[in-house]
Amino acid sequence: MMKDLFDLTGKVALVTGASRGIGESIARLLASRGAHVIVSSRKIDACQAVADSIKADGHKASAFACHVGDMEQIEATFEHIKSEFGQINILVNNAAANPYYGHILDTDLAAFDKTVEVNIRGYFFMSTAAGKMMKEQGGGVILNTASVNGLVAGDKQGIYSITKAAVISMTKAFAKECGPLNIRVNALLPGLTDTKFASALTTNDKVLKMALHSIPLGRVAEPDEMAGTVLYLVSDASSYTTGATIVVDGGMLA
């Protein structure tokens, strides 16, 4: 019988920003393929609600709160994973911050710091913490949620776009140095997706109309349409894929 390349049975997967949107869709899909998914975001109640829903569907999940902009919370998260599971096979860095929408010249220090703190520093130190555990256990997979804005800067999304470009570079740097450790590192680059996070764009009729004009498929993506690419990248189906950045944008950059 042919091996199911998408089977994640026995794997432990940590998904950040998983209480809603793309992260929740990723968590649900990975759990449906057999992984024990640790649902993580800043608020434990929201994480627990998603974890409970996943378990109600007959899959494995637990909740653990972590603000990835807080170094102490990152440390606590991986101490919990070590004591509770003894391993981490998959890390999905999906939590992100985008507190400012406006002209780049008007970006204030608070918005700059928060965006960099979560989108760059958070991803980096979540990856090093997971990578050290993966090194000890003989391998693993890290998946970063970047953005098409990391390739083509979004209008009035300057600092966010800059941090997502950094995530793309970070993905390649980790892939190069961690490949010999049997740790694969790849990135998903979503286009415009119907989430609360993107509501500044999707709820502005003028902006949305302009955006849809540039998308060949003519519509905004649903969060579930991002999860399939993540499943591919964290599963054995992509066992020879590392350092890749896969665009899922309805053809916008085509």
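Numbering of residues begins at 1 and proceeds along the displayed sequence. Quick caveat: nothing in here was measured; it's all calculated off a predicted structure.
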Check: Do Ile159 and Val116 come within less than 4.5 Å of each other through their side chains, counting heavy atoms only?
Finding: yes
Could you give the side-chain donor-acceptor pairs of residues 129-139 under 3.5 Å, partners two or more places apart or in another chain?
unit_1: Gln137; atom_1: OE1; unit_2: Ile88; atom_2: N; d: 3.3
unit_1: Gln137; atom_1: NE2; unit_2: Ile88; atom_2: O; d: 2.4
unit_1: Gln137; atom_1: NE2; unit_2: Gly139; atom_2: O; d: 3.2

Item checked: Pairwise ring-ring contact (aromatic ring centres under 6.0 Å, His included) hits with a residue in residues 8-32, at least two apart -> none
Next item on the list: Compare all side-chain heavy atoms of Met252 with those of Leu192 and state whether any distance is below 4.5 angstrom.
Entry: no
Item checked: Residue of the set Asn119, Thr115, Asn149, Asn98 for which side chain to side chain donor-acceptor pair (under 3.5 Å) holds with Thr163 -> Asn119
Next item on the list: Not counting sequence neighbours, which residues clear ring-ring contact (aromatic ring centres under 6.0 Å, His included) with Phe85? List them please.
Entry: His36
Notebook entry, point to check: Taking only residues two or more places apart in sequence, or in another chain, which ones meet Asp113 in a side-chain hydrogen bond (donor to acceptor under 3.5 Å, both in side chains)?
Noted result: none
Less than 3.5 Å apart, which donor and acceptor atoms pair up between the side chains of residues 170-181 and the rest of the protein, not counting sequence neighbours?
unit_1: Thr171; atom_1: OG1; unit_2: Asn144; atom_2: ND2; d: 2.9
unit_1: Thr171; atom_1: OG1; unit_2: Val167; atom_2: O; d: 2.8
unit_1: Lys172; atom_1: NZ; unit_2: Gly243; atom_2: O; d: 3.4

Notebook entry, point to check: Any side-chain heavy-atom pair from Leu143 and Ile90 closer than 4.5 angstrom?
Noted result: no
Margin query: Return the CG to CG distance between Asp194 and Asp224, rounded to the nearest 0.5 Å.
Written below: 11.5 Å
Extract all donor-acceptor atom pairs below 3.5 Å that involve side chains of residues 41-50 and protein atoms in other chains or at least two apart in sequence.
unit_1: Ser41; atom_1: OG; unit_2: Ser19; atom_2: OG; d: 3.3
unit_1: Gln48; atom_1: NE2; unit_2: Asp52; atom_2: OD1; d: 2.9

Item checked: Test item: Thr145 and Tyr123 side chains (from C-beta on) under 4.5 Å apart, heavy atoms -> yes
